[in-house]
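Quick note on labels: first sequence line is chain A, next is B, and so on, each numbered from 1.
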Number of protein chains: 2
Amino acid sequence: MSVRYALLGLLAQHPRHGYELHAAFEAVVGGERIWDVKPAQIYTTLARLQDGGLVSPEAVKQDGGPEKRIYALTASGRTELDQWFDSGVDREHHRDEFFVKLMLSLAMPEINPRRVIQNQRLRLFKDLHSQTAARARLNPKTGLAQILLFDKAIMHLEADLRWLDMVEARLEDVQRQPLPQPEARPRGRPRKPRAGPTPA
Amino acid sequence: MSVRYALLGLLAQHPRHGYELHAAFEAVVGGERIWDVKPAQIYTTLARLQDGGLVSPEAVKQDGGPEKRIYALTASGRTELDQWFDSGVDREHHRDEFFVKLMLSLAMPEINPRRVIQNQRLRLFKDLHSQTAARARLNPKTGLAQILLFDKAIMHLEADLRWLDMVEARLEDVQRQPLPQPEARPRGRPRKPRAGPTPA
DNA sequence: GGTGCCATGTAACGCGTTACATGATTAT
DNA sequence: ATAATCATGTAACGCGTTACATGGCACC
């Protein structure tokens, strides 16, 4: 949802057309090397926003070049933006690909989970190194954005590495524990369908 | 891409039908409270895999109940799965919604970035608390999956909090620094189109 | 007969990506 | 002419989500 709200925010500054939004987005977010937004996404998102009445086309300019359709934030767009600023961002769900891989490797006798873990550790080290190097290469006047993003990435990579160590340690305890199979429940109405939506 | 490979992995154990895959996935990944996969996704992903020739329908069973279409892994499916196990998982890109929010708040005079940060910090503390509590509530025989996921989530929340502190400290240095505007580059061919793809 | 599980999906949408198409302007 | 930027999109696909539709079977 980042792009959606980014467009609302940029249009809150002043009305713009698609190409300008694209450029402004990359300027805010730190340049194309950091976050490469495709023009297609700008235009489709803009269309969806217009559909929802959050932005509306204002005018078409032609200063010697091609047409520029200028979009502006509507009242409900402004409302949505303000609500966004006032709320915390949900943790993006931990639908973690490596976690699935690890659990599957435990369930498949022909796959060695240690190797899977070691693979991932090497990858993380490599990433950590390249991020650290890239961060060091920044000159200070590059602007905040890159620095902050690199720092965040590095901190999360470190967290991942620590987590991997923990996983390995825990695997030594529960050596080759069989996967929890979904017990074949009997059909029909359950014996005790009691309990509220969230039992305390 | 987690579900895609999870299905390949589960079918590598033995052929299954859609409903069974759904149940097995949730068993592997820790139950519905942790990772709620919708049946629709199982079936559509299965269809895509069949399209790509990675799985193929094997038989249709009818043991007194409805039809069950049994799918099996093909040779190329097995190959893809093995490659997946042998490779590291890419860091999912840091397309971070909060980061966009922060950068926009710096660019918009009517929004106070301190408040945005404080909002997010409160949210993270709340999440951290609820995750820690949920983790403590686990009984040890619940299986590895939940424990590991909670630990990972907690470690990343702590990293996010540390990062927020860093951001705040850095903002004190560069008070209300104007956003880097995309400098209006002259049209036409650039003066010095020299330089390789990654200049040293 | 109702509820709830077993088992199958389809439809439509949101976000994001790659690839493609069009055309004008301007510097060399 | 050619290349590069300015500026607009469309089409198709992958992944994920919500909502809806269908039907048999078993238990009470």
Indicate if B/Leu171 and A/Leu138 have the same hydrophobic cluster label, given that clusters are the connected sets of ILVMFWY residues with side-chain heavy-atom separations under 4.5 angstrom. yes
Check whether A/Ile154 and A/Phe125 end up in the same hydrophobic cluster, where Ile, Leu, Val, Met, Phe, Trp and Tyr are linked by side-chain heavy atoms less than 4.5 Å apart. yes
Atom [atom1] of [X] to atom [atom2] of [N]: distance rounded to whole Å?
| X | N | atom1 | atom2 | answer |
| --- | --- | --- | --- | --- |
| B/Tyr43 | C/dT10 | OH | C1' | 12 Å |
| B/Asp36 | D/dG16 | CG | C1' | 12 Å |
| A/Glu20 | D/dC6 | CD | P | 12 Å |
| B/Gln50 | C/dT8 | CD | P | 13 Å |
| B/Met1 | D/dG14 | CE | P | 10 Å |
| B/Arg4 | D/dC15 | CZ | P | 5 Å |
| A/Gln41 | D/dG14 | CD | P | 18 Å |
| B/Leu8 | D/dC15 | CG | P | 11 Å |

Using the ring of each side chain (for Trp, its six-membered ring), is A/Trp163 parallel, tilted or perpendicular to A/Phe98, with breaks at 30° and 60°? perpendicular
Parallel, tilted or perpendicular: ring planes of B/Tyr19 versus B/His22, cut at 30 and 60 degrees: tilted
Counting just side-chain N and O atoms, does [X] come under 4.0 Å of either OP1 or OP2 of [N]?
| X | N | value |
| --- | --- | --- |
| A/Tyr19 | D/dT8 | no |
| A/Lys38 | C/dT17 | no |
| B/Arg48 | D/dC15 | yes |
| A/His17 | D/dT8 | yes |
| A/Arg95 | D/dT17 | yes |

Heavy atoms of other groups near B/Arg115 CZ, more than 12 under 6.0 Å: no
Counting only side-chain heavy atoms from C-beta out, which of D/dA19, D/dA11, C/dT8 sits nearest to B/Arg69? C/dT8
Would you indicate what B/Val3 reaches in the nucleic acid, counting non-hydrogen atoms under 4.0 angstrom: base, sugar-phosphate, or nothing? sugar-phosphate
Using a heavy-atom cut-off of 4.0 Å across all strands, would you classify A/Ala47 as base, sugar-phosphate, or nothing? nothing
